[in-house]
Amino acid sequence: MTHPDHEKNRAAWNDMVEVHFKHPDYKVKEFLDGWNSLKSIERKDVGDVTGKSLLHLMCQFGMDTLSWARLGAAVTGVDISDNSITRANELKKRAGLEDARFIRSDVLDLIGVIPKKFDIVFQSYGTHCWIADINRWADVIAHHLMPGGIFYIIDDHPIVTIYLTESMTYLDKKPERYRNERDYCDFDYIVEKERVEWQHPLSSIINSLIKAGLVIEQVNEYDKGYYQMEKDWYPDGDYWYPPGGPPRYPLMFSLKARKP
Ligand SMILES: C[S@@+](CC[C@H](N)C(=O)[O-])C[C@H]1O[C@@H](n2cnc3c(N)ncnc32)[C@H](O)[C@@H]1O
């Protein structure tokens with residue numbers, strides 16, 4: 001069932017993806033020249049994907065999805081945004097990765113859209129905040145895994161929300177609605193359309209996956225971020241630190257779970 005707030009986000013993301021696709025920080029040109037956009041943590045944690053089927057949820061224009069394909073996975077990417085899927089299909093052609101498949105769908109509406117089970121369901125960097133119903137999300141993940149298959153997520157640590165917004169609390173139940181705020185990638189671009197985000201504490205994320213029948217194998221927290229959150233953040237390998245170095249609170253978490 002289409003969620004009205006997810007449809008608002010769909011419209012906003014249709015605008016944002018066009019900006020991201022052309023922005024030098026996303027490195028589309030480098031990707032077409034052979035660069036792999038996956039970062040060191042997920043590459044190590046997910047491991048060898050040769051010959052495995054991989055479903056990438058909330059894939060934007062599919063550069064990470066196609067990077068898994070370059071490492072040998074048979075990939076399917078899903079995103080709610082129409083322009084994301086158009087750009088992903090363009091990118092796969094330009095990269096010569098024609099076997100990759102991209103599907104436009106709200107992640108919460110995915111059951112029944114792909115009649116297939118996967119070895120790996122993957123999701124990364126800037127995603128769980130867009131999900132209105134975390135229990136439904138976990139059911140979608142469990143549904144698409146074959147027995148023995150793994151779910152892996154690396155994303156913003158939910159505690160970051162209380163440092164980014166003045167209004168939200170760690171255990172907030174009501175969504176945050178905002179418009180006319182700057183983009184996270186192009187600091188000069190103002191996203192006019194309304195966006196809606198939800199707060200999911202780590203306990204909710206973990207419990208939703210347990211309720212969906214998955215066995216949690218690993219949870220990690222990190223004192224570094226995956227993007228330059230402010231202009232004064234500095235890079236360290238694939239990751240970023242605020243001025244002064246590691247903060248007093250975690251910036252990212254990762255989790256691996258298995259379907260028995
Ligand atoms: C920060 S981006 C994805 C991050 C990805 N790692 C990247 O940088 O390309 C978040 C993506 O989630 C998608 N999205 C938001 N809400 C969604 C939903 N309900 N179902 C599926 N995709 C959604 C957006 O369209 C956007 O492409």
Side-chain angles (χ1 to χ4, degrees), residues 1-28 30-31 35-39 41-43 46 54-69 75-92 100 102-111 113-114 121-141 144 152-156 160 164 175-176 183-186 189 191 193-198 200 225-229 238-240 252 254:
M1 195 182 68
T2 307
H3 191 295
D5 286 332
H6 280 198
E7 288 300 300
K8 287 181 185 161
N9 288 335
R10 174 180 177 180
W13 273 101
N14 275 338
D15 292 349
M16 288 158 71
V17 68
E18 291 302 313
V19 175
H20 297 168
F21 192 74
K22 291 169 197 141
H23 197 280
D25 284 2
Y26 259 99
K27 300 189 183 164
V28 169
E30 287 87 335
F31 172 77
W35 173 69
N36 194 300
S37 63
L38 296 167
K39 298 185 192 297
I41 298 175
E42 65 263 21
R43 276 185 76 158
V46 174
L54 184 147
L55 174 64
H56 183 184
L57 300 177
M58 311 176 78
C59 65
Q60 200 172 190
F61 52 80
M63 201 158 65
D64 284 356
T65 325
L66 295 169
S67 290
W68 285 120
V75 299
T76 302
V78 171
D79 200 279
I80 197 169
S81 145
D82 315 68
N83 290 351
S84 286
I85 297 306
T86 303
R87 289 298 192 182
N89 281 321
E90 176 191 330
L91 199 58
K92 82 170 186 185
F102 290 100
I103 294 167
R104 198 218 68 79
S105 174
D106 187 330
V107 66
L108 297 188
D109 296 336
L110 200 56
I111 292 177
V113 174
I114 312 171
V121 175
F122 173 78
Q123 190 176 308
S124 72
Y125 302 127
T127 54
H128 65 80
C129 61
W130 305 110
I131 306 290
D133 181 343
I134 205 75
N135 291 317
R136 171 76 183 164
W137 165 81
D139 287 342
V140 168
I141 290 161
H144 287 96
Y152 183 81
I153 180 170
I154 181 161
D155 211 335
D156 294 287
V160 171
L164 286 182
E176 165 90 346
D183 183 48
Y184 64 86
C185 170
D186 184 339
Y189 173 60
V191 185
K193 293 192 175 126
E194 185 182 12
R195 285 176 279 172
V196 189
E197 292 193 26
W198 290 265
H200 301 298
Y226 59 90
Y227 69 108
Q228 189 175 23
M229 230 181 253
D238 290 344
Y239 299 95
W240 293 85
M252 306 191 297
S254 70

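The residues of the chain are indexed from 1 along the displayed sequence. When a ligand or atom number is given, it counts from 1 through the structure's own listing order.
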Study note, to complete from the structure: If you compare Ile103, Asn83, Ile154, Asp106 by their heavy atoms, the one closest to atom 18 (C) of ligand 1 turns out to be Asp106

Practice item. Identify which of Met58, Met63, Gln123 has a heavy atom lying nearest to atom 12 (O) of ligand 1. Key: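 Considering heavy atoms of Met58, Met63, Gln123, the nearest to atom 12 (O) of ligand 1 sits in Met58.
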
Point to revise | Proximity of Tyr26 and Phe61 rings by center, below 6.0 Å | key: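 For Tyr26 and Phe61, the ring centres are under 6.0 Å apart.
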
Check your understanding: With ring centroids as reference points, do His6 and Trp198 lie under 6.0 angstrom apart?
Key ->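 Yes, the ring of His6 comes within the 6.0 Å limit of the ring of Trp198, centre to centre.
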
Could you say whether the N/O atoms of [X] and ligand 1 ever approach to under 3.5 Å?
X: Tyr184; result: no
X: Val78; result: no
X: Ile80; result: yes
X: Trp13; result: no
X: Thr127; result: no
X: Tyr26; result: yes

Review point. Think Lys39 forms a cation-pi with Tyr125, using NZ or CZ under 6.0 Å from the six-ring centre and within 45 degrees of its axis?
Key: yes

State the atoms of ligand 1, each with its element, that fall below the 4.0 Å cut-off from a heavy-atom position in [X].
X: Trp130; result: 15 (C), 16 (N)
X: Ser84; result: 27 (O)
X: Ser105; result: 20 (N), 21 (C)
X: Ser124; result: 4 (C), 5 (C), 6 (N)
X: His6; result: 19 (N)

Review point. Between Glu42 and Trp68, is a side-chain hydrogen bond (donor to acceptor under 3.5 Å, both in side chains) present by the stated rule, with each step listed?
Key: CA-CA 11 Å; Glu42 65 263 21; Trp68 285 120; over 6 Å; no

With a 4.5 Å limit on heavy-atom distance, are the side chains of [X] and [Y] in contact?
X: Met252; Y: Asp155; result: no
X: Val78; Y: Phe102; result: no
X: Arg195; Y: Trp130; result: yes
X: His20; Y: Asp183; result: yes

Check your understanding: Salt bridge check: are Glu18 and Arg87 linked by an N-O gap of less than 4.0 Å?
Key ->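 Arg87 and Glu18: salt-bridged.
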
Check your understanding: Is Lys193 salt-bridged to Asp15, cutoff N-O under 4.0 Å?
Key -> yes

Review point. Residues in salt bridge (Lys or Arg N to Asp or Glu O under 4.0 Å) with Asp5, at least two apart?
Key: Lys8, Arg177

Please write down residue, atom name and distance for the protein heavy atom closest to [atom].
atom: atom 20 (N) of ligand 1; value: Val107 N, 2.8 Å
atom: atom 7 (C) of ligand 1; value: Gln60 NE2, 3.5 Å
atom: atom 27 (O) of ligand 1; value: Asp79 OD2, 2.6 Å
atom: atom 4 (C) of ligand 1; value: Tyr125 O, 3.1 Å
atom: atom 1 (C) of ligand 1; value: Gly126 O, 3.3 Å

Review point. For ligand 1, which part of Asn9 has a heavy atom less than 4.0 Å away: the side chain, the backbone, both, or neither?
Key: neither

